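Note sheet for the following structure.
When a ligand or atom number is given, it counts from 1 through the structure's own listing order. Note that the coordinates shown come from a computational prediction; the quantities given were computed from them, not determined experimentally.
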Amino acid sequence: MASLARTVAKSPLFFAFPTRVVASKYHFHRRFSARPNVPVFAPLDTFPTRHIGPNIAEADQMLAVLGYSSLDAFINDSVPAHIRVSDATVSEQSISALSESELLSLARDIAGQNKVYRSYIGMGYHNAVIPTVILRNIIQNPAWYTPYTPYQPEIAQGRLESLVNFQTMVTSLTGLDISNASLLDEATAAAEAMVMAFTGSGQKKRTFFVDSGVSPQTVAVLRTRAKGFGINLLVGDVFEALKDSKVTSDLSGVLVQYPDVDGSIKDYSELAATVHSLGGIVACATDLLALTMLKPPGEWGADIALGNSARFGVPAGYGGPHAAFFSVTEKLKRRMPGRLIGKSKDVTGKPAYRLALQTREQHIRREKATSNICTSQALLANVAAMYAVYHGAPGLRRIANRVHVMTQILKENVESAGFAIINKDFFDTLTINVGKVVKDAEIVHQASVAQGINFRKIDERHVGITIDESVKPADLIDVINIFNTVASRAPISLSNLTSPTTPSFPDALVRTSEFLPHPVFNTHHSETELLRYIFHLESKDLSLVHAMIPLGSCTMKLNSTTSMIPLTWQGYSRLHPFVPADQAQGYARIIKELEQDLCTITGFHSCSLQPNSGAAGEYAGLCVIKAYHESRGEGHRDICLIPLSAHGTNPASASMAGMRVVPVKALADGSLDLVDLKAKAEKHKDNLAAFMITYPSTFGVFEDGVQEANRIIHENGGQVYLDGANLNAQIGLTNPFTCGGDVCHLNLHKTFSIPHGGGGPGVGPICVSEHLAPFLPTHPLVATGGSQAIEAVSAAPFGSASILFISWAYIKMLGGQGLTDSSKLALLNANYIAHRLRGHYNIRFKNVKGRVAHELLLDLAEFDKKAGLKVPDFAKRLQDYGFHPPTCSWPISTAMLIEPTESESLDELDRLCDAMIQIRKEAEDVITGKQPRDSNLLKNAPHPISVIALSDAEWNRSYSRQEAAFPLPWLRERKFWPSVSRIDDAYGDLNLICECPTVEELADKNLSQAAL
Ligand SMILES: Cc1ncc(COP(=O)(O)O)c(C=O)c1O
């Protein structure tokens, strides 16, 4: 299938009727409306018709409602002419479309170009064994992979409970008090720990010491992050360092790895005491499976434990995505980065989960934020949590024990063959000195690769081997016999193996404490039980399988099945990120083509796919800008201008990259205040580093002045960072380069169709102009980026590599014309909603032609003034209608931001509009006094079934149960029930409980329920 294009070209039938003729229904319709017949041999499964919701007749209907006779006339009124790009920019010529079956066939060919060897490379990445019940029912299940971050907890109790399981699993295994619900990867988690140590010292102590046993990719990311904060990062033997007063006098903390990258296990308890006596923090990178056998970090004095949870059922996927974990002691809990799920209660007193301490998020702290986690890794955290639920403590112990015993057997046999093992104490990793047997370790690597096996390349004398759950006895024999062959010894067979009985680490480090005693980890061990638990949780959550999720600035569009299916094929899922390049040729092709297509779309020169979230992309882009200024001897440039309306991640990223944030005002019509911008750019011209702008603006409009704004910045020596989260409005119509940008990030988990996973994974690549290309990030193990590259921003060279496939497939299946049509229809859908809601709601910002961009901002301030109804009242009532509420209270506190995307059909848009209009009527009843202000359909929303089922005596409301649950006729047929009533946010923050119930708590609950 690599030769699809050639095969097609040779076929006369396809020649006569090329695929691209029908690649886009809108294009086809407009160009060929005089001969509407589709050529008979054209593919039957072209993607644009499946991806774009409205069909041609519906699009025409919407255009007519808006008063346009053509899509082009509508687009001309929506997007300013001076920023438009030519039709050829993103077209079938620049990106030609493949049908779904053609794409799958090509995907199979490309997977075949990846060599799936057995990798024993370790370094934090393993061949996970994914229980098939989890594979099929979570990883491959849209009800789990399509929801959004659980900001609306009443319709997200399922995944909130699962994330609490993740938190409980992490605290229990690490022996610490509290854990968050995932971070992006192990290396960035380590960077968060380093910054916590720095801020914990009041930003006074600048030295952070990293032990030489920490993985090199972690050290690289720490170096990048340390720069922005002015932290003095030292790497070496941590025990020696603590004897040096130059280090100890300024020490904010240390990072150790347990077991370390070479496999050694050291006792850090005395070291922890010393660091504490100096007022510092001890952070420990660790491995959850090892902690089933090893004394947990919390028991020997670590303040923070962090790492990668992927070996709990998450495919290696050439580096990601996976969920990093992060747990801390009680005293650090309010400073912990990332999302934390906590227990609260709803208004009826029923226990319920929610995102805790949301006020710490970047939107509140903005440039004072020292961490910038928005999208994280919820889906993968759920997978890891379910893995622990399924296996329970006994199952995990068995897996760990087998891994350890195999490693012991390997050690014995490798030693017998004459090699020396460097690390006496180990769990699953051996560092082998080959010097006594062969001159160069390369001889061992050649012998292993010849057998389809990869070992870790350390240097010319040392080889590393890590054993994992996937290793079978026959695999172990193969590994042992590579050493026997190299040492010219006879091979052994299974019958030669004997298993040791005592662990290969000191008694003092043997785990004696129990873990995972909670009922949830001791109940669902049969497949039937786990299947039912997964579906029980799933039934509580609203996802794209139920209805549209019109979250502004989030672009919740179709995540097509065809783009998801290949992800779990072995050719993509089983590659270790550090395999030799010749084994990852398939990935190399996907990466190269995706980079090229993203450059075509953005107008930029080069791309880095390494950042694994939008916020990480912002940070990477700003670091690139800083490096550029430094290369010109202008390293002092550190002022970053940011509009007040910007997403909170913008100022947080700027401050993390070592910039000072200066806010820029907006005008009353929502556009950028160019006078203020000019004044500030000129005032700071000697130190101006960057300007960050979101386009179309966060208010949902294409501002005319974007090029003018960017010209002002360039004239004053700054670089323009364009936040590309809203790229869905731009493709084929305009692009960040034409708007005057130098760098932009893209949220592939928005515009480019990677599912949101209930709060991650994401991918936030950056695209840059030619002059910034040399500074794109590299990686210590697989070189990436430019000639003067900044150091790594993520643990893996290509970040969350496996899901790059989704965006690659999305682009290939839509083709240039389909991509452009998608943006056009995204604009049309948003403007249709704006049209239907006008007169009912105040649509805050439009352009001079009365058009919004791909999203619209409804200002609800009037309802608060007239009837005390606030944004959450409208949002929660929408849940009763079966919809996920739009983005609430951002970028204006009294507003809702609605983004429908192109994937929603006219029918679905009408359902949403009908619901919004009906809610407006319900609000009117409160305004006119027909319904009381304190107890009405909006204030009491949502209405779960437990409330609707109250007895007549208990139902003391001024409206009927029917009005509450079935306010519109279609709800009788298609009802999604929120599982709890409105949740009390303040209670949850005051009484922070972030773990699963224990046996005792459950017993109490059952008793009190029995009493009812
Ligand atoms: C405008 C804007 N910028 C940046 C981001 C951050 O992206 P991520 O959540 O992937 O970190 C978002 C996410 O919602 C956004 O809407």
Side-chain angles (χ1 to χ4, degrees), residues 147-151 181-185 188 192 320-321 337-339 355 358 361-363 366 369 371-379 549-557 609-622 642-654 656-657 692-701 703 721-730 736 741 743-766 793-794 799-800 803 807 853-855 857 886-892 895 897-899 901:
Y148 195 67
T149 305
Y151 285 126
S182 78
L183 289 178
L184 294 174
D185 60 31
T188 53
E192 300 287 348
R339 306 223 183 267
L355 283 170
Q358 292 192 45
E361 292 295 327
Q362 315 78 6
H363 278 300
R366 297 183 72 85
S371 159
N372 200 7
I373 310 295
C374 189
T375 291
S376 49
Q377 303 279 15
L379 183 71
I549 301 186
L551 283 163
S553 204
C554 297
T555 317
M556 298 293 287
K557 57 166 64 172
L609 296 167
Q610 200 179 93
N612 41 20
S613 74
E618 291 168 23
Y619 171 72
L622 292 171
I642 302 183
L644 279 166
S645 62
H647 194 262
T649 50
N650 287 190
S653 295
M656 284 167 58
M692 289 185 95
I693 177 171
T694 305
Y695 200 74
S697 78
T698 52
F699 293 141
V701 276
E703 294 173 62
Y721 185 100
L722 223 136
D723 181 326
N726 292 346
L727 202 81
N728 211 38
Q730 298 184 35
V743 50
C744 74
H745 81 265
L746 310 172
N747 280 3
L748 298 191
H749 45 301
K750 296 180 175 179
T751 309
F752 295 95
S753 195
I754 291 177
H756 207 279
V763 180
I766 50 172
V793 293
S794 300
S800 292
I803 54 175
S807 297
H854 65 311
E855 55 191 7
L857 198 64
T887 298
C888 290
S889 304
W890 183 79
I892 293 182
L897 189 63
I898 300 182
E899 180 183 358
T901 85

Proximal ligand 1 atoms for A615, defined as those under 4.0 Å from one of its heavy atoms: 6 (C), 7 (O), 8 (P), 11 (O)
Between ligand 1 and [X], is the shortest N or O to N or O distance under 3.5 Å?
{"X": "C554", "result": "no"}
{"X": "H749", "result": "yes"}
{"X": "H745", "result": "no"}
{"X": "W890", "result": "no"}
{"X": "A725", "result": "no"}

Which residue holds the protein heavy atom closest to [atom], what is that atom called, and what is the gap in Å?
{"atom": "atom 4 (C) of ligand 1", "answer": "E618 OE2, 3.0 Å"}
{"atom": "atom 9 (O) of ligand 1", "answer": "T375 OG1, 2.7 Å"}
{"atom": "atom 16 (O) of ligand 1", "answer": "S553 OG, 2.5 Å"}

Would you give the length of the straight line joining atom CG of L183 to atom CD of E192, rounded to the nearest 0.5 angstrom? 6.0 Å
Which label fits H756 and Y148: parallel for a plane angle under 30°, tilted from 30 to 60°, or perpendicular past 60°? tilted
Dump the intermediate steps for side-chain contact (heavy atoms from CB on, under 4.5 Å) on V763 and S807, then the final yes or no. CA-CA 10 Å; V763 180; S807 297; over 6 Å; no
Who passes ring-ring contact (aromatic ring centres under 6.0 Å, His included) against H854, sequence neighbours left out? none
Tell me the closest heavy-atom pair linking E899 and T555, and the distance in Å. OE2-OG1, 2.7 Å
Hey, is T698 one of the residues with a heavy atom under 4.0 angstrom from ligand 1? no
Specify side chain, backbone, both or neither for K750, according to which of its non-hydrogen atoms lie closer than 4.0 Å to ligand 1. side chain
